[in-house]
Amino acid sequence: MTAVGWTLVLLPAVMLASGFPIYVVLLGTASVTLVLFTDVPVIALHQSLFGAVESFALLAIPFFIFAGELMARASIAKRIVALVDEGTGPVRGKIGYTTIATTTLFGAISGSAPATVATVGRLMLPTLRGSNYPDHVSAGLLTSAGTIGVLIPPSIPLIVYGVAANESVPRLFAAGILPGLVVAVMMAALVAVQTRVYGISDGRRFESKNFFQAATKGAFALLPAAIILGGIYGGVFSPTEAAGVACIASIAVGWLIYRDLTSYDIMKCAERTAFLTAQLMIIVAAAGVFSWVLTINQIPQNVADWLVSADLSLFVLLLLVNLALLVLGAFLDPIAAILIVTPLLAPVLAAAGVDLVHLGIIMTLNLAIGLLTPPFGLSLFVAQGALDMPMRVILRGVLPVLLVQLSALAIVTYLPELSTALPSFLFANPNN
Amino acid sequence: MSMKSLGEQEHLKNQAQRSNRSVSFNFKSIEQRLVSTTEKLLALIVISAVVLNFANILGRYVFSRAIVGAEEILIYQMVAIVFLGTIVVTLKDSHLRMSMLVDVASTKARAAMRRLEWFILALVTGFVSWIASNVSLQMRGFGQKSLIADIPMWLPHGVIALGLGASAAIGFWFFLAKPKEIKTAEDE
């Protein structure tokens, strides 16, 4: 490996391990490489940094975060959870299913699995304990929160992948639905098994009166979600516009209809949105510079050449990609990982015949699973703090979840139709 | 080296702690004021972006006339949110990182690692801010404007210089002040 290669691999590895902020690692490595090893004027670094965030598609990120904050601060999210809760009625494991549905909802809204663990973890743990779920089972369910959410639209990692791979975000959103449902069904099956094994009976009689009451109270709460999905797939809005309109709808529902959102709340949600956006998008900007430096040093080309020369079958290639992404996902934030890895993997896998929409789903699911992979998965540490449980209890609960989600990953990886069928059906014209 | 009595040592220790607290108090006060002001400004940018996006859609569908340059303005608002928001994230010491190794290190080692981190942060952001400010000044000199909305381009580029420049200053400030705070907190 050349000196540039070592700099681009070793320097970020050492800085990451030393706990440096991810954007400093990426920007620092790119700056050192540019100054020491290339003749490219440093002004190009700034142009690359600016270009990485100068994208209308990325504007969907602050809008989705704002909509999520508003829905969580008003009673919108709670009303949807109540509706799911009443709807599951006498089913054994209903609290477990409600937890999965709630984490999916929050994960989809916030786009961040660790944030979902922290928020929903504190909210649902008392209910799970009250229904006699053993702590490790609760920990497993709550720590895995958000894995489904990142696949179900709106998904921030999929927006970022869309920008990095130059793929249509609406197509990626459509592609995530069936794999998201596969993971949800498999997680539900795990809950069914665990409730039998541990003798949990948390079902109660279905009360149509209660259900209709919850449905009446929650009808308007579904409006923002209906606008996002209906607007995008009805061809009315782009994802960014839909996210912006969902913010207005959340304010209208919370402020005018449910009357539990004040102007102070809106301001606080906007402040929080700006904070989360900056925290996330500064990495997007720095990763843009880093991947540009990789490209001008022909690293993606070298990786592609090496993989082509290895003459691997598609099955083995996808297996290697999955293993590499799992390891990377256990160490690195999914957004940064997507931005760094996409320019390396996309050309190779496209040449091997993999649909780039399918690759986006594999990558997103993989990196989300990485967040709960021991010993470094970020969600594990967030759960330890949020649930106030020892790590061994969390790990005991996470292991069966990991097995289920890795099985789901294998299905999603080797059944590409799961990811490609819906976008092909919804968008006959690939330019949509 | 002169020997000091136990009382004198105690007195000097208390004086040092008081002085540390006073520096720390002023530091916190400035920090909080800067965070609060920047957060409010950023919140207004977020809300105005949502309103502009909605007005643009309404204009397009209801009045068959979109707002000229709305997308450009929205993009530059996002650039401002990201780079000005970075000031708040840096001040709150909340950048995303992999902190497991730092968390298990001894107090002394942690203070040293954090000091190095803030020094490198100041160096890297200072370097990029210097480039960004040069670009911004050049654009101002050329009078370069955006294609549709006619926005002077030195503004969005200047926001990068400002955000990263402020981050560099904060990094340097933390480099000098924060490790002492870590040690004092651990000692107490």
Side-chain angles (χ1 to χ4, degrees), chain A residues 15-25 27-28 31 35 42-43 45-47 49-50 53-56 58-59 61-63 66 236-237 240-241 243-245 247-248 251 266-271 273-275 277-285 289 331-333 335-336 375-376 378 381, chain B residues 38-47 49-54 56-57 61 71 74-79 81-90 92 94-103 105 110 113-114 116-117 120-121 123-125 127-128 131-132 134-135 138 156-157 160 163 171:
Chain A
M15 286 172 84
L16 270 179
S18 308
F20 284 35
I22 297 168
Y23 90 98
V24 173
V25 174
L27 212 51
S31 303
V35 171
V42 284
I43 199 171
L45 187 147
H46 168 81
Q47 297 296 0
L49 186 74
F50 188 76
V53 284
E54 192 194 16
S55 154
F56 190 65
L58 287 176
L59 188 63
I61 294 175
F63 283 172
F66 191 34
V236 185
F237 309 129
T240 303
E241 290 175 340
V245 177
C247 295
I248 298 282
I251 292 173
I266 296 170
M267 195 69 183
K268 283 290 151 198
C269 288
E271 282 178 14
T273 300
F275 179 82
T277 303
Q279 207 182 31
L280 198 73
M281 296 276 288
I282 191 72
I283 296 177
V284 173
V289 180
F331 290 94
L332 206 55
D333 175 75
I335 302 294
F376 292 121
L378 184 60
F381 297 94
Chain B
T38 318
E39 275 182 338
K40 282 188 176 61
L41 171 72
L42 291 170
L44 291 176
I45 299 176
V46 170
I47 293 168
V50 170
V51 172
L52 177 61
N53 175 65
F54 189 62
N56 189 37
I57 293 167
Y61 283 109
E71 287 194 6
L74 285 167
I75 289 169
Y76 297 147
Q77 280 181 314
M78 182 176 65
V79 172
I81 293 167
V82 175
F83 288 95
L84 297 180
T86 298
I87 301 173
V88 179
V89 182
T90 309
K92 288 187 173 175
S94 300
H95 280 294
L96 295 175
R97 71 184 72 234
M98 223 184 78
S99 61
M100 276 78 72
L101 286 181
V102 183
D103 291 346
R110 190 157 73 237
M113 281 165 93
R114 298 238 60 195
L116 177 67
E117 173 202 322
I120 300 285
L121 183 146
L123 210 65
V124 170
T125 51
F127 173 66
V128 182
I131 301 170
N134 280 340
V135 173
Q138 272 179 13
H157 287 273
I160 298 183

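A, B, ... follow the sequence lines: proteins, then strands. Residue 1 opens every chain.
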So, do Phe127(B) and Val42(A) sit near enough that their side-chain heavy atoms are less than 4.5 Å apart? yes

Could you tell me if the side chain of Leu116(B) sits less than 4.5 Å from the side chain of Ser18(A), heavy atoms only? no

Are the side chains of Leu58(A) and Met78(B) in touch, meaning some heavy atoms are under 4.5 Å apart? yes

Gap between atom NE2 of His46(A) and atom CG of Asn134(B) - 0.5 Å precision: 10.0 Å

Between Ile283(A) and chain B, with a heavy-atom cut-off of 4.5 Å, which part of the residue counts as in contact: side chain, backbone, both or neither? side chain

Residues at least two apart in sequence or cross-chain that pass side-chain hydrogen bond (donor to acceptor under 3.5 Å, both in side chains) with Gln77(B), listed by chain then number, are Ser48(B)

Residue among Leu123(B), Ile81(B), Thr38(B), Val88(B) with most heavy-atom pairs under 4.5 Å to chain A: Ile81(B)

With only heavy atoms counted, which part of Lys92(B) is less than 4.5 Å from chain A, the side chain, the backbone, both or neither? side chain

Go through the atoms of Thr90(B) and report whether side chain, backbone, both or neither lie under 4.5 Å from a heavy atom of chain A. side chain

Need one label for Val82(B): side chain, backbone, both or neither, based on atoms under 4.5 Å from any heavy atom in chain A. both

Leu96(B) portion near chain A, given a 4.5 angstrom heavy-atom threshold: both

Below 30° counts as parallel, above 60° as perpendicular, anything between as tilted: where do the rings of Tyr23(A) and His95(B) land? tilted

With a 4.5 Å cut-off on heavy-atom pairs, point out which of Thr273(A), Leu45(A), Val236(A) contacts chain B the most. Val236(A)

